[in-house]
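Bear in mind that the values here come from a model prediction, so they are computed numbers and not experimental data. Letters go in sequence order (proteins before strands), and every chain restarts at 1.
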There are 2 protein chains.
Amino acid sequence: MTHLDDLDKKILNLLQQNSKANIKEIALKIGLTQTPTYERIKRLEKNGYIEKYVAILNKEKIGFHVEVFCQVTLLVHSKDLITKFELAIHKIDEVVECFHVAGNYDYLLKIIVKDMNTYQNFLKNKLSVLDSVANVQSTFVMTSTKKTSILKLT
Amino acid sequence: MTHLDDLDKKILNLLQQNSKANIKEIALKIGLTQTPTYERIKRLEKNGYIEKYVAILNKEKIGFHVEVFCQVTLLVHSKDLITKFELAIHKIDEVVECFHVAGNYDYLLKIIVKDMNTYQNFLKNKLSVLDSVANVQSTFVMTSTKKTSILKLT
DNA sequence: GTTGAAAATCCGGGGGA
DNA sequence: TCCCCCGGATTTTCAAC
């Protein structure tokens, strides 16, 4: 599978919006019948274009009220310490995203927690204790204005 | 619906990992039969705990190779300009997330685009042209170390 | 929470442009 | 190759207990 045609792109755009849509519905929207639509989706899954299907929850409703970005600077930048740091980050549930960035600091972490206490606990007992961490600067989210997982294919 | 019991939490944790799991499978994992499991899921959907179901695509495979965080400072902070800015942001496909933050700048934007050219075009023709924008600082993602949509309920 | 059964959907064989 | 028709298998959905 070397490239995506227009129908594939339409399918991916639709599935990014609502993965529970049934085949009949998707088939109708893209102008095919069920079987070819079904086969295209299976092919997209099999070839790794579609990684997974997930439920998106309402953060507030389930009690996650605090979102924070952490700018982390490491002490040294040896390969060993970087690997250790990234491994440790992976195990921390509070960290939902972690990016190695090019800029004034080394890592940008996205943290989502229930409340301020949990965040302080995370900082004090989970992040700062990693011996590779030199400095952490927190930026608190006041309101989330936009949030989408849709990458528009054209 | 006032609170989530352990079984609800288990269901939500499972659906965050894989929303395509069928009811039978989920029922088995949480130790219930199909009908009560089905009813719990419907209840969680109806009450807004579950917002939506989406497909997560492989960014690289579909050709999105550049991720950037933009720190945006506004010129003035009148309610009117803020509303205008947020509205404009909503219409820009390249912006997948936008946060109003408390810190040295006003907004943190997450941008995902195909390549550098698209990013430059976004900066020059879509973001900078908004008259409320005073300053933009870009932080480029070199590698994405962790990325999850799972909020672990306990 | 359980059983059971109707309705909807998925899935794939076989065939045609 | 890509698509369509069609029917059996599977799942979802819901009523009755």
Please find out if less than 6.0 Å separates the ring center of B:F140 from that of B:F69. no

Salt bridge (charged side-chain N to carboxylate O under 4.0 Å, His left out) between B:E45 and B:K42, intermediate numbers included: CA-CA 5 Å; B:E45 289 171 357; B:K42 286 299 147 195; 3.2 Å; yes

Judged by nearest nucleotide, the residue sitting upstream toward the 5' end of DNA chain C, A:T35 or A:N22, is A:N22

Kindly confirm or rule out a cation-pi arrangement of A:K61 over B:Y49, judged by NZ or CZ under 6.0 Å from the six-membered ring centre and within 45° of its axis? yes

Rounded to the nearest Å, what distance is computed from the CG atom of residue A:L44 to the C1' atom of nucleotide D:dC2? 15 Å

Could you give the CD1-to-P distance, from B:I23 to D:dC14, as a whole number of Å? 11 Å

Without decimals, in angstroms, what is the distance between A:Q34 CD and C:dT9 C1'? 8 Å

Indicate, with a heavy-atom threshold strictly under 4.0 Å, whether B:E39 touches base, sugar-phosphate, or nothing. nothing

Are OP1 or OP2 of C:dG1 and a side-chain N or O of B:T33 less than 4.0 angstrom apart? no

To the nearest angstrom, the CD-P distance between B:E25 and D:dT10 comes to 15 Å

Rounded to whole Å, how long is the line connecting atom OH of B:Y38 with atom P of D:dA15? 9 Å

Between CD1 of A:I30 and C1' of D:dC3 the distance, given in whole Å, is 11 Å

Check whether any side-chain N or O of A:R40 sits under 4.0 Å from OP1 or OP2 of D:dC2, and answer yes or no. no

Does A:K147 NZ have over 12 foreign heavy atoms under 6.0 Å away? yes

Choosing from D:dC3, D:dC4, C:dG1, which nucleotide comes nearest the side chain of A:L7? D:dC3

Regarding the side chain of A:K42, the nearest nucleotide among C:dG4, C:dG1, C:dC11 is C:dC11

Under-4.0 Å side-chain N/O to phosphate OP1/OP2 contact, A:K24 with C:dA8: no

Whole angstroms only, please: what is the NZ-P distance between A:K20 and C:dC10? 11 Å

Consider the side chain of A:L32, meaning its heavy atoms from C-beta on, and name the nucleotide among C:dG1, D:dC3, D:dT12 that approaches it most closely. D:dC3

Is A:L14 linked to A:L28 within one hydrophobic cluster, defined over Ile, Leu, Val, Met, Phe, Trp and Tyr using a side-chain heavy-atom separation of less than 4.5 Å? no

I need the NZ-P distance between A:K46 and C:dG12, as an integer number of Å. 11 Å

